[in-house]
Amino acid sequence: MDVCEKRAVDEENSFMGSGQDEDQGETAPESTSSYSRIPDPLAYTIYLGVYELSDLQNPKTMSRTVRQITIHPSYTSEQSSGDIALVKLESPVAFTSSIHPVYLPSRAVQLPEGTLCWVTGWGYVREQVPLTNPKTLQKVDVALIDSKNCETMYQSDSASESNSKLIEEDMFCAGYQEGKKDSCQV
């Protein structure tokens, strides 16, 4: 079972993704965040159309430098709400057969528990086991879990005796109560 933000995800100093606008990951007004470590845009490169991380020179892959990073105003730490950033690129992206826009649902859309969705990435394939070369993009189908049920499961599994809320309004849970199939274990 995983807790995910309802929006985008980033990983270290490279992002893999698609945008709704030609040169920005998602269109939104300028915002200010209380997060004190605003990343340096020059430290990031966006790769689009990537299927194997070991083959970033593939002709179907595009790279773009980052002009600006805008952190969500409610983001404070890894476990907080607002774990999303807008990334404005230095140059536009043309959609191709391997680069498509990602459409995000409006806040009004409520997906019922059990709705199947995908988790994709190049991370660990089992606990503490990284993906090996050629580092092919992984995908796993997982079912959405009701936030209240997820909160109960996380509270019972938590080593902390805190009663603080772990699942925020802008997060959702996906996976299976019995585990075995999630973003870390395909």
Side-chain angles (χ1 to χ4, degrees), residues 1-19 25 35 37 39-40 43-64 66 69 71-72 75-85 87 97-100 102 104 111 113-147 149-162 164-168 170-186:
M1 173 183 57
D2 288 316
V3 176
C4 304
E5 288 294 317
K6 287 186 177 175
R7 300 239 183 156
V9 180
D10 71 72
E11 183 173 315
E12 293 188 26
N13 285 352
S14 65
F15 292 73
M16 312 291 179
S18 300
Y35 184 63
R37 293 179 21 215
D40 175 10
Y44 291 85
T45 300
I46 303 288
Y47 292 92
L48 300 105
V50 175
Y51 183 64
E52 292 180 340
L53 284 181
S54 63
D55 189 19
L56 294 178
Q57 302 307 312
N58 185 312
K60 293 183 177 183
T61 299
M62 257 183 238
S63 67
R64 294 291 184 270
V66 176
I69 300 172
I71 304 295
H72 192 281
Y75 182 74
T76 57
S77 68
E78 189 174 302
Q79 302 298 320
S80 76
S81 287
D83 189 2
I84 183 173
V87 178
S97 62
S98 55
I99 301 172
H100 304 273
V102 173
L104 301 175
L111 299 172
E113 183 171 30
T115 300
L116 287 179
C117 58
W118 302 309
V119 177
T120 61
W122 294 272
Y124 287 90
V125 292
R126 284 184 301 285
E127 194 151 336
Q128 303 302 315
V129 178
L131 186 62
T132 58
N133 277 333
K135 297 188 177 180
T136 303
L137 180 65
Q138 302 295 295
K139 177 183 106 173
V140 63
D141 298 325
V142 290
L144 294 181
I145 300 171
D146 176 78
S147 293
N149 293 338
C150 185
E151 180 73 35
T152 301
M153 288 186 274
Y154 263 87
Q155 290 288 351
S156 67
D157 288 347
S158 176
S160 166
E161 293 187 25
S162 167
S164 63
K165 187 174 180 181
L166 299 172
I167 310 302
E168 301 291 342
D170 64 350
M171 298 176 182
F172 64 87
C173 292
Y176 300 93
Q177 189 169 359
E178 64 277 4
K180 297 185 177 142
K181 195 173 171 185
D182 61 36
S183 64
C184 298
Q185 302 167 33
V186 178

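- When side chains are defined from C-beta on, T61 does not count as touching S98, because their heavy atoms never get closer than 4.5 Å.
- Note that the OG atom of S81 and the NE2 atom of H72 stand 8.5 Å from one another [nearest 0.5 Å].
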Problem set entry | Verdict with supporting geometry, L137 and T120, side-chain contact (heavy atoms from CB on, under 4.5 Å) | CA-CA 7 Å; L137 180 65; T120 61; 4.2 Å; yes
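- Taken from CG in L56 to OH in Y47, the straight-line distance is 5.5 Å, to the nearest 0.5 Å.
- In terms of heavy-atom proximity, M62 sits nearest to I99 at CE-CD1, 3.6 Å.
- The minimum heavy-atom distance linking I71 with P39 is given by the pair CD1-CD, 3.9 Å.
- Contact detail for L116 and Y176: the closest heavy-atom pair is CD2-OH, 3.8 Å.
- Between D141 and W118, the closest side-chain pair of non-hydrogen atoms falls below 4.5 Å.
- With hydrogens and angles disregarded, no donor-acceptor distance shorter than 3.5 Å links the side chain of E52 to the backbone of V50.
- A distance of 9.0 Å separates CG of N133 from CG of L53, quoted to the nearest 0.5 Å.
- With a 4.5 Å cut-off on side-chain heavy atoms, L144 and C117 count as touching.
- The CG atom of L166 sits 10.5 Å away from the OG1 atom of T152 when rounded to the nearest 0.5 Å.
- With contacts defined as side-chain heavy-atom distances shorter than 4.5 Å, the pair Y44/I69 qualifies.
- Taking each heavy atom of E151 and I167 in turn, the nearest pair found is OE1-N, 2.7 Å.
- Between M153 and I145, the shortest heavy-atom distance links the atoms CE-CG2, 3.5 Å.
- The minimum heavy-atom distance between I46 and V66, with the atom names listed, is CG1-CG2, 3.7 Å.
- Rounding to the nearest 0.5 Å places CH2 of W122 at 10.0 Å from CD of Q138.
- With a 4.5 Å cut-off on side-chain heavy atoms, L111 and F172 do not count as touching.
- Within the 4.5 Å cutoff, no side-chain heavy atoms of E168 are placed close to those of D83.
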